[in-house]
Colleague: 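Just dropping this structure here.
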Amino acid sequence: MDGRTPGVITRGKLCCHCLLVETDQGLVLVDTGFGLRDVANPRTRLSGFFLTLLSPEFREEMTAIRQIQRLGFRAEDVRHIVLTHLDFDHAGGLDDFPHARVHMLQQERDYALLQKTWMDRQRFRPQQWGTRENWLAYPTVGAGEPWYGLRAVRQLEGLPPEILFVPLPGHTHGHAGVAIRKDNGWLLLTGDAYFHHREMDYERPYCTPGLRMYQVMLEKDRRARLDNQQRLRELRRRHGHEVRVFCAHDPLEYEQLSGRTMGTPVLPRRMPAPA
Ligand SMILES: [Zn+2]
């Protein structure tokens, strides 16, 4: 599955990579992983199918809210949440931030709400959507400006122009990457557009058999998914020095960016010395 756990009997390990961005408009959380309620009551919140298949490691200290608190912030400091898509392992923490406005692509919201197929009902969990009145959805049809050879939806309500959606449909219909401009270039969290870092190898893309199967099982549009993977490879090759591309579940990319091993919560931020 992950390409680094030996054997086929031992379970591989993946992460749920979320980002916390400090802006003038308050904290912005990008994707939410699993939340406190998932940790406390996985069986009422998540599908038995995925609990059995993935056996997630539910640790309260690894939830976004607990790590944000370790950094010295409160839940209310998170003013905005930007979601790559509504799958259970990205939307689980929404309920821990009832004050935040939640941004997503309109197609994602509309399609998830339909609860159309059996698999849709396993992956899109209304039990995790207690914040629905705070959701803001953005159309992609007719919208979009060029961004490094891809299209981007800019001007998310109340957010600085340094944060934008890069629609990457395929895994779900309204799936999107989230780009964040930093002083020295861009970060692009591509969500589940790909799963293994070697899939981004331009010359010889490679994916582990387990993750290849998992992606096929969950894809809503195969052609779009593979096209977008190719676009991401090209982006990385041409603009890799300006845009750091990474996905939601790859442990290596997570460890390189966070500077921590997987399963280690963020270090508490050092408080300023009292005056
Ligand atoms: Zn995912």
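In each ligand, atom 1 is the first atom listed, and ligand 1 is the first ligand listed. When a residue number appears, it is its place in the shown sequence, counting from 1.
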Colleague: For the Zn ion (ligand 1), check which protein N, O or S atoms are under 2.8 Å away and list them.
Modeller: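 You should have found D89 OD2, H90 NE2, D192 OD2, H249 NE2.
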Colleague: Using atom types as modelled and distance alone, determine if a side-chain donor or acceptor of R236 lies under 3.5 Å from a backbone N or O of G240.
Modeller: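 Side chain of R236 to backbone of G240, a donor-acceptor pair under 3.5 Å: no, none is there.
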Colleague: When you measure from the centre of the six-membered ring of Y202, is the NZ or CZ of R237 closer than 6.0 Å and no more than 45° off the axis?
Modeller: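 That pair qualifies as a cation-pi contact.
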Colleague: Kindly assign one of parallel, tilted or perpendicular to the pair W135 and W129, based on the angle between their ring planes and the thresholds 30° and 60°.
Modeller: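 Plane angle over 60°, so perpendicular.
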Colleague: If only atom types and distance count, is the side chain of E199 paired as donor or acceptor with the main-chain N or O of H196 below 3.5 Å?
Modeller: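 Indeed, once roles are kept as given, a pair shorter than 3.5 Å links the two residues.
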Colleague: For the residue pair H90 and H85, does the interplanar ring angle fall in the parallel (under 30°), tilted (30 to 60°) or perpendicular (over 60°) class?
Modeller: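 Answer is tilted, since the angle falls between 30° and 60°.
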Colleague: Any ring pair (Phe, Tyr, Trp, His ring centres under 6.0 Å) involving residues 15-48? Give me the pairs, sequence neighbours left out, ordered by first then second residue.
Modeller: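 Only H17-F246, H17-Y254, F34-F58 qualify under ring pair (Phe, Tyr, Trp, His ring centres under 6.0 Å).
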